[in-house]
*Asks:* 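Questions regarding the structure given below will be posed in turn.
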2 protein chains.
Amino acid sequence: MNESTELLSVRVAELYYEESKTQDEIGALLGVTRWKVGRLLAYARDEGIVRIEIVHPRARRLAVERELRERFGLQDAVVVPVPIVASELGGRVSQAAADFLAAMRPVPRVLGVSWGRTLSDVAEHLAMGWAVGVKVVQINGGVSLNRRPGTAANTAVMIAHKASGQAMLLPSPAILERIETKLAIESDRTVASVLGLAAEASAYLYSAGVADRSSVLVDSGYLTSADVDELVRKGAVGDVVGRYIDANGNIVDPGLNERTVGLGLDELRTAQTSIFVVAGEHKHDVARAVVTSGLCTVIVTDEATAQSLLEEIS
Amino acid sequence: MNESTELLSVRVAELYYEESKTQDEIGALLGVTRWKVGRLLAYARDEGIVRIEIVHPRARRLAVERELRERFGLQDAVVVPVPIVASELGGRVSQAAADFLAAMRPVPRVLGVSWGRTLSDVAEHLAMGWAVGVKVVQINGGVSLNRRPGTAANTAVMIAHKASGQAMLLPSPAILERIETKLAIESDRTVASVLGLAAEASAYLYSAGVADRSSVLVDSGYLTSADVDELVRKGAVGDVVGRYIDANGNIVDPGLNERTVGLGLDELRTAQTSIFVVAGEHKHDVARAVVTSGLCTVIVTDEATAQSLLEEIS
DNA sequence: CCAGAGTATGCTCATATGAGCAGACGGCGC
DNA sequence: GCGCCGTCTGCTCATATGAGCATACTCTGG
């Protein structure tokens with residue numbers, strides 16, 4: 001298009017969007033037909049001369065969501081714009097996850113949840129009465145060894161509480177030192193019943209950790225920095241419900257995996273609905289591993305992460 | 001309105017503006033009537049949840065222009081948005097002035113112009129052939145004393161050249177030392193004829209200078225820094241076609257005024273069309289004086305200056 | 001200079017949209 | 001409890017708008 005078309009479309013856009021005149025009026029004013037005005041308007045939108053933006057903390061990027069759904073065959077995707085203040089990002093995504101949970105139909109009878117910073121944040125953002133009578137089951141161990149005691153348990157309890165439901169905690173460490181202990185604790189009636197319920201959950205909600213020394217699993221003493229270094233050397237990009245995966249979503253260390261208490265990755269993969277909440281640049285790699293390996297059916301994330309997932313040539 | 005209305009309107013706005021669904025479809029999707037969707041959309045626009053912006057260097061702020069016209073009884077007003085890069089402001093306003101000139105109907109037969117940084121910039125931005133056969137008259141003196149010789153003359157010449165017209169320069173200093181010399185030069189045939197033509201111009205185009213030591217009149221040697229200080233002490237805010245005015249648009253120093261060659265302010269005030277081009281924060285005060293004292297019938301400026309003019313309680 | 005392709009223009013017509021209005025609803029004072 | 005007032009809702013109807021199409025225009029290669 002030439003210069004004068006552009007200038008004219010700017011005039012037209014101003015009169016249409018700022019002065020809310022009709023295309024007909026604008027046509028009369030500028031001496032062109034109303035159809036031309038319509039086309040100039042379309043041109044202005046296409047060229048980005050007119051920018052329409054939805055500014056709201058709860059806004060979503062539907063176009064990106066659609067792309068994610070299509071590209072990865074997801075049930076659903078929720079993508080929030082990146083806020084100007086970077087520190088708000090986690091909150092925005094958690095809020096979106098909470099909104100998604102509250103809007104789920106049918107309401108899950110049994111909801112399996114993991115724990116961690118992100119999950120606890122989601123729990124915080126859920127509104128009181130977001131659902132009624134949901135049974136919340138913890139899907140991986142971790143009670144009490146955490147530095148801030150109770151955080152792990154708190155997540156499940158809060159989510160259940162806000163839905164006037166019942167929380168079922170997994171009374172077990174996340175990772176045990178010996179496989180025998182793990183098998184023994186798994187066969188304990190209380191643990192077994194929780195794991196049984198977890199396997200039957202109608203939906204799962206979890207996040208992922210990055211494979212580095214700052215991991216909450218290191219922080220909690222389940223792993224040493226050296227352990228993590230070794231896992232990274234073997235290709236680990238992060239952990240999902242306490243299990244370390246590589247870029248293809250495969251278990252990095254089968255021995256370690258055997259000693260980890262909780263839902264297995266296969267159960268997550270075959271689940272009807274598993275909601276993956278992830279935010280922030282440092283989690284792009286894990287996010288890619290989770291999404292491409294089919295670990296989730298729903299993703300809740302920020303636009304930058306979504307773009308990074310879509311960027312792949314694949 | 002309550003929280004849920006707001007959230008709903010965000011959803012609606014997304015579906016309407018980003019997904020370009022019809023209000024009907026959105027209604028079906030969210031389980032509300034299409035009329036409610038329309039109202040939510042109106043709400044979203046009112047509340048600023050939806051922001052429609054026209055991003056283009058030649059964009060204008062029509063709402064502000066209308067306010068200016070109404071408040072000050074102007075024939076017309078042109079207001080351009082403030083660019084992100086501050087240094088581009090002058091260029092944008094000059095471009096707008098050039099566009100305005102080119103769009104003037106009827107095309108002025110005789111155009112009176114002053115000179116200076118701004119005017120020369122306007123001349124630069126005029127397109128070749130912006131009009132045909134316009135006679136351009138210089139309305140205030142200043143030839144050759146300027147440090148960059150020819151600048152003053154150049155403006156008129158370039159404007160005329162680009163309209164395949166003729167330039168009439170005022171062969172006189174801007175300010176003379178003695179009133180007798182001024183009267184003498186004014187009665188010179190060449191000067192008198194130019195002034196005569198200037199008085200008959202069908203439109204005037206001029207800017208204004210700030211009353212401070214950096215003034216081009218000081219720079220050119222017509223005034224000393226001390227002179228300007230004295231003028232400021234007497235209330236001068238700036239100069240228009242070489243004549244210093246106070247905040248009310250009155251001549252500050254009648255003696256000095258008598259020694260200034262060129263069109264008088266009264267002639268400017270009674271002119272059919274006089275276009276005032278002004279940009280930048282340091283000129284807000286002069287701009288106010290010019291506009292409130294009826295020196296111009298058309299103003300071309302930036303949004304910040306326009307806002308400053310409108311801010312007044314008046 | 002002409003033929004042909006590609007593009008721009010102005011139309012018809014079906015559809016989307018906003019203004020204005022009557023009835024429903026909900027809170028409040030008596 | 002009852003009527004009143006202000007607000008919200010869903011409607012009708014006139015109008016604004018976009019899709020699709022036939023025609024006019026323009027540029028290119030022969």
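Letters A, B, ... are given to chains in the order of the sequence lines, protein chains preceding strands, and every chain is numbered from 1.
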*Asks:* Is A:Q23 close enough to D:dT15 that one of its side-chain N or O atoms is under 4.0 Å from OP1 or OP2 there?
*Replies:* no
*Asks:* Given C:dT17, D:dT9, D:dT17, which nucleotide is nearest the side-chain atoms of A:T22?
*Replies:* D:dT17
*Asks:* Measure CG/B:L41 against C1'/C:dG18 and give the value in whole Å, please.
*Replies:* 11 Å
*Asks:* For the atom pair CD (B:E53) and CD (A:E18), what is the distance rounded to the nearest 0.5 Å?
*Replies:* 9.5 Å
*Asks:* Rounded to whole angstrom units, what separation is found between the CG atom of B:D46 and the P atom of C:dG18?
*Replies:* 12 Å
*Asks:* What is the separation between atom NZ on B:K36 and atom P on D:dT9, rounded to the nearest whole Å?
*Replies:* 4 Å
*Asks:* Is B:T33 near enough to D:dG10 that one of its side-chain N or O atoms lies under 4.0 angstrom from OP1 or OP2?
*Replies:* yes
*Asks:* Send over the distance from A:W35 CH2 to C:dT12 C1', rounded to a whole Å.
*Replies:* 9 Å
*Asks:* Has A:Y16 got a side-chain N or O lying under 4.0 Å from the OP1 or OP2 atom of D:dA16?
*Replies:* no
*Asks:* Go through the N and O atoms of the side chain of B:R39 and the base of D:dG10, and report whether any donor-acceptor pair is under 3.5 Å.
*Replies:* yes
*Asks:* Rounding to a whole Å, what distance do you find between B:D24:CG and D:dT17:C1'?
*Replies:* 15 Å
*Asks:* With a sphere of 6.0 Å drawn around CD of B:Q272, does it hold more than 12 non-hydrogen atoms of other residues, nucleotides or ligands?
*Replies:* no
*Asks:* Side chain to side chain contact (heavy atoms under 4.5 Å, CB included) for B:F276 and B:L295? Distances and angles first, verdict last.
*Replies:* CA-CA 8 Å; B:F276 173 50; B:L295 274 165; over 6 Å; no
*Asks:* Using whole Å, report how far CZ of A:R34 lies from C1' of D:dT17.
*Replies:* 7 Å
*Asks:* Nearest whole angstrom, please: distance from the C1' of D:dG18 to the NZ of B:K21.
*Replies:* 17 Å
*Asks:* With the threshold set at 4.0 Å, does a side-chain nitrogen-carboxylate oxygen contact exist between A:E88 and A:R92?
*Replies:* yes
*Asks:* Just how far, in rounded Å, is C1' of C:dA8 from OH of A:Y43?
*Replies:* 14 Å
